[in-house]
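Hydrogens, waters and symmetry mates play no part in the numbers below; they use all other heavy atoms, side chains included.
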Amino acid sequence: MAASFFSDFGLMWYLEELKKEEFRKFKEHLKQMTLHLELKQIPWTEVKKASREELANLLIKHYEEQQAWNITLRIFQKMDRKDLCMKVMRERTGYTQTYQAHAKRKFSRLWSSKSVTEIHLYFQEEVKQEECEHLDHLFAPKETGKQPRTVIIQGPQGIGKTTLLMKLLMAWSDNKIFRDRFLYTFYFCCRELRELPATSLADLISREWPDPAAPVTEIVSQPERLLFVIDSFEELKDGLNEPDSALCDDVMEKRPVQVLLSSLLRKKMLPEASLLVAVQPVCPKELRDRVPISEIYQPRGFNESDRLVYFCCFFKDPKRAMEAFSLVRESEQLFSICQIPLLCWILCTSLKQEMQKGKDLTLTCQSTTSVYSCFIFNLFTPEGAEGPTPQSQRQLKALCSLAAEGMWTDTFEFREDDLRRNGVVEADIPALLGTKVLLKYGERESSYVFLHACIQEFCAALFYLLKSHLDHPHPAVRSVQELLVANFEKTRRAHWIFLGCFLTGLLNKQEQQKLDAFFGFQLSQEIKQQLHQCLKSLGEHSDPLGQVDSLAIFYCLFEMQDPAFVKQAVNLLQKADFHIIDNADLVVSAYCLKYCSSLRKLSFSVQNVFKKEDEHSSTSDYSLVCWHHICSVLFYQPDLKYLSFTLTKLSRDDVRSLCDALNYPAGNVKELALVDCFLSPIDCEVLACLLTNNKKLTYLNVSCNDLDAGLPLLCEALCNPDTVLVYLMLAYCHLGEQCCEYISEMLLHNKSVRYLDLGANVLKDEGLKTLCEALKRPDCRLDSLCLVKCFITVAGCEDLASALISNQNLKILQIGCNEIGDVGVKLLCGALTHPNCRLEVLGLEECGLTSACCKDLASVLTSSKTLQQLNLTLNALDYAGVVVLCEALRHPECALQVLGLRKTDFDEETQALLMAEEERNPNLTITDDCDTVTGVEI
């Protein structure tokens with residue numbers, strides 16, 4: 001990015017303050033002034049046609065920065081724009097420089113305090129040129145110079161969000177970035193601000209100013225030149241849940257901190273200002289719902305090359321560095337946490353400590369828990385001593401008590417009274433700070449945090465092996481059983497990442513020996529029984545809302561590394577649902593699944609694992625091995641009946657491996673879903689073989705895949721009289737009208753398929769006509785057909801009507817989201833009143849209907865002996881039409897049980913009529929949650 005960009009961009013701010021006529025006069029003054037000063041002339045044709053941005057660029061190009069500003073200032077004086085003159089002078093010589101000098105001192109000091117070691121500082125050196133360019137790009141104007149931007153930086157704790165903010169603020173204070181873009185950048189940390197009493201934005205700005213007399217009025221006079229940096233958003237109590245009426249727009253008004261920040265983020269206060277918000281991954285949904293986000297940026301942390309360099313720098317001895325790195329590289333869990341610089345330092349420190357003691361590093365790398373236990377126990381064991389002192393034992397116990405309190409109260413910053421309550425006396429603090437397990441937080445006196453949230457989680461888990469929760473001084477600390485249940489919920493506390501894993505990992509035999517050696521007494525052995533009871537309880541409940549996080553359970557069991565217990569535990573579960581995002585998740589899943597023998601339902605979503613370098617390459621060898629581990633589960637799961645993969649990029653080899661496993665004689669899978677799995681027509685060959693050879697598979701859902709060219713293979717396989725498939729879902733499969741020929745042929749020869757979903761395919765009336773030729777045949781066994789969003793019009797309804805009369809097997813027809821209108825419904829109703837029609841469910845949602853069709857529908861309701869469910873949601877019916885329907889519903893011959901209508905779409909009079917009809921008829925339900933609307937059933 002050219003250096004002049006910043007200067008001409010700064011000029012552009014001021015030129016945009018000029019109205020159209022003023023801007024024309026500015027150009028005239030420019031022409032005269034450059035002649036008067038005998039300066040090199042800018043071609044008048046270029047000046048005359050230039051926009052504000054282009055003119056700023058021309059000024060810098062022809063006169064260089066300082067002279068361009070001087071010319072501009074003199075023209076503003078001639079135009080009597082004293083307000084702009086004052087702003088220019090203040091900006092270039094006044095408050096901004098004062099604040100920048102203060103910011104540089106403050107953030108340099110904070111930067112140094114955050115660095116754990118010299119090598120850690122080396123890997124967080126000052127902002128580089130490429131980083132400057134990227135940070136500038138985040139806030140570059142997309143349309144006009146004054147367009148505010150809200151940029152989100154999201155990532156796990158320790159990945160480098162705050163470090164990036166510090167770099168940004170120091171770079172701004174040195175004029176390396178945002179030069180002439182932002183006059184002021186203010187840093188607000190939610191963790192620090194959340195405890196403040198009611199305050200104003202002016203007060204918050206004053207807190208950041210170098211002296212008490214902050215020129216707030218001057219600062220906010222150009223809100224478009226302000227950047228507010230909000231760190232640790234997840235610490236903001238209740239997030240952004242205030243109603244719009246509770247927000248404020250007055251920078252002087254005192255309100256709770258969360259209201260002030262919410263008012264900024266939601267553009268109620270200073271809407272022209274830009275914002276940079278750092279959050280953990282758990283928060284973006286809330287932000288997306290309420291905040292106009294310009295961009296989301298995710299710091300990458302250490303890539304593989306960075307990690308190798310870090311190990312070499314840390315160990316200094318290349319041989320030792322490679323020994324340690326090779327062991328870590330073999331563990332997906334450990335290699336994954338090395339992405340976070342601080343955790344990489346913790347891991348390297350643990351390995352180096354064990355090396356110096358001559359210990360076997362393979363034992364240290366056995367699990368994540370082992371790494372942290374080595375790190376903590378070594379820190380609390382005096383150098384050269386065989387074991388800890390009574391004082392260091394007491395200090396660690398007190399620290400564990402403090403950590404447990406923090407986890408249950410969502411506290412990560414502690415005061416001295418918190419430390420005292422948990423047994424940390426004043427004399428202990430220097431020793432704890434010396435271990436670096438506890439750090440002073442920011443600039444605040446007597447405020448402390450754990451080195452990293454993972455350290456706090458480990459110490460909190462360790463607390464439960466030292467004491468009962470009943471012995472804790474804080475009532476918020478709950479039992480092991482409650483901790484486990486909360487940890488296994490998908491909606492668990494945002495900060496509980498490793499807590500459950502550390503708790504179960506400490507039950508490992510090797511870890512028990514470490515604990516026994518450090519504390520010198522037998523620790524609690526009841527936790528295994530409590531874990532078993534917890535899993536048994538979860539297994540006994542069906543979890544209809546899907547609130548149990550199966551992967552969280554498996555991670556905890558994996559961390560134990562106790563095959564006997566894992567086998568006993570996983571067989572308490574009958575259902576598992578996994579969202580896999582990396583190889584570590586895949587390894588953990590495969591490890592635990594191989595011990596399962598009672599699973600009935602297994603669902604996967606696998607992302608970022610089966611990656612291809614290009615469309616012709618196959619999956620990497622490592623990923624394929626992991627995939628084979630998952631597929632092998634099918635060999636020893638006699639009770640597994642349902643298997644689902646969604647949003648999973650499967651290669652040709654992956655699909656082949658899966659189908660081979662499904663054809664294994666001992667397998668009993670009856671239902672298979674491969675939804676949005678990037679299947680191609682080539683994969684249909686393997687699926688066709690599966691349908692031909694497998695005599696147990698009755699349900700196949702391959703929706704959301706591009707299968708148009710491969711459909712003939714599937715249909716050919718289903719023409720085999722020995723196939724047993726009953727349900728076939730082909731929604732969103734890019735099928736065209738020509739595919740209907742193959743489907744029709746299949747329907748005429750297949751005697752097993754009863755349910756067919758062709759929703760969201762471009763079949764059109766021509767394709768439907770072909771399909772209906774097969775439906776008319778009396779030997780067509782299909783009883784349920786979904787044609788939602790298939791681009792069908794009135795012409796197609798004529799063919800459908802004929803099929804409904806001829807086919808007495810068809811019971812369910814979903815034809816919603818097609819523009820068939822009242823005329824199309826009239827044609828269908830003619831068939832529905834025919835005595836040969838046996839239809840029970842009809843979906844007509846969002847079909848462009850009006851009340852003109854209600855008379856025809858009423859005739860169906862009064863004459864059909866079979867129609868039980870009718871969906872009319874999202875159509876333009878009025879009170880008169882509803883009256884006609886209600887009269888038909890009261891007919892003694894009406895068999896309807898469910899009517900799909902959204903009551904809130906009607907006026908109060910019509911709503912009252914519908915509610916009265918429901919009360920009158922106890923067998924009738926009027927609902928907007930009608931199942932006739934198709935989706936991708938999984």
Side-chain angles (χ1 to χ4, degrees), residues 674 679-692 700-810 812-815 817-820 824 827-828 831 934 936:
L674 298 173
L679 301 183
S680 67
I682 298 174
D683 296 315
C684 289
E685 183 178 354
V686 180
L687 291 171
C689 291
L690 175 67
L691 292 172
T692 303
L700 178 63
N701 187 349
V702 287
S703 298
C704 303
N705 293 291
D706 186 359
L707 302 180
D708 182 58
L711 188 69
L713 292 172
L714 291 181
C715 290
E716 183 181 353
L718 289 169
C719 285
N720 188 314
D722 294 330
T723 57
V724 296
L725 196 73
V726 177
Y727 297 88
L728 178 59
M729 266 66 79
L730 295 167
Y732 298 91
C733 281
H734 301 272
L735 306 183
E737 54 198 79
Q738 70 281 0
C739 290
C740 291
E741 295 181 13
Y742 303 105
I743 295 171
S744 297
E745 186 72 14
M746 180 269 291
L747 291 176
L748 292 177
H749 291 85
N750 183 284
K751 305 305 177 187
S752 64
V753 173
R754 295 287 187 273
Y755 182 100
L756 179 61
D757 184 355
L758 297 173
N761 289 297
V762 190
L763 304 186
K764 300 182 181 178
D765 295 329
E766 293 79 1
L768 179 59
K769 187 177 187 70
T770 303
L771 201 61
C772 286
E773 290 302 318
L775 292 173
K776 290 176 188 177
R777 297 278 291 269
D779 51 349
C780 177
R781 303 294 180 85
L782 197 69
D783 62 29
S784 181
L785 177 62
C786 175
L787 297 170
V788 169
K789 203 175 181 181
C790 285
F791 299 88
I792 296 168
T793 68
V794 175
C797 290
E798 191 169 350
D799 293 303
L800 268 178
S802 178
L804 288 172
I805 294 173
S806 302
N807 188 327
Q808 298 187 20
N809 292 319
L810 197 61
I812 299 173
L813 176 62
Q814 301 180 27
I815 196 175
C817 304
N818 288 294
E819 283 295 324
I820 61 175
L827 292 169
L828 293 177
T934 192
V936 178

Do [X] and [Y] have side-chain heavy atoms sitting under 4.5 Å apart?
X	Y	result
Leu800	Ile815	yes
Lys751	Asp779	yes
Leu775	Asp799	no
Val724	Leu691	no
Arg777	Leu748	yes
Leu758	Leu735	yes
Leu768	Cys790	no
Ile812	Asp783	no

Could you tell me the separation between the [atom1] atom of [X] and the [atom2] atom of [Y], rounded to the nearest 0.5 Å?
X	Y	atom1	atom2	answer
Cys739	Leu730	SG	CG	9.0 Å
Cys772	Glu798	SG	CD	10.5 Å
Arg781	Leu810	CZ	CG	14.0 Å
Ser703	Tyr732	OG	OH	9.0 Å
Glu685	Asp683	CD	CG	9.5 Å
Asp757	Asn701	CG	CG	7.5 Å

Would a distance-only check, ignoring hydrogens and angles, find a side-chain to backbone donor-acceptor pair under 3.5 Å from [X] to [Y]?
X	Y	value
Asn809	Cys780	yes
Ser784	Tyr755	no
Asn705	Leu674	yes
Asn761	Gly759	yes

Check [X] against [Y] and note the closest heavy-atom contact, atom names and distance.
X	Y	result
Leu700	Val702	CD1-CG1, 3.9 Å
Thr692	Thr723	CA-CG2, 4.5 Å
Ser744	Leu771	OG-CA, 3.3 Å
Leu728	Met746	CD2-CE, 4.2 Å

Got a list of side-chain donor-acceptor pairs under 3.5 Å for residues 707-721, not counting sequence neighbours?
{"unit_1": "Asp708", "atom_1": "OD1", "unit_2": "Gly736", "atom_2": "N", "d": "3.3"}
{"unit_1": "Asp708", "atom_1": "OD1", "unit_2": "Gln738", "atom_2": "NE2", "d": "3.4"}
{"unit_1": "Asp708", "atom_1": "OD2", "unit_2": "Gln738", "atom_2": "NE2", "d": "3.4"}
{"unit_1": "Asn720", "atom_1": "OD1", "unit_2": "Asp722", "atom_2": "N", "d": "2.8"}

### Summary
side chain to side chain donor-acceptor pair (under 3.5 Å) filter on Ser752, not counting sequence neighbours, yields Asn750
### Query
In chain order, what residues pass the side chain to side chain donor-acceptor pair (under 3.5 Å) check against Asp765, with sequence neighbours excluded?
Thr793
### Residues in salt bridge (Lys or Arg N to Asp or Glu O under 4.0 Å) contact with Asp706, at least two apart in sequence or another chain
none
### Query
What residues, two or more places apart in sequence or in another chain, satisfy side chain to side chain contact (heavy atoms under 4.5 Å, CB included) together with Lys764?
Glu737, Val762, Glu766, Phe791
### Task
For Lys776, check side chain to side chain contact (heavy atoms under 4.5 Å, CB included) against everything at least two apart and list the hits.
Glu773, Ser802, Ala803, Ser806
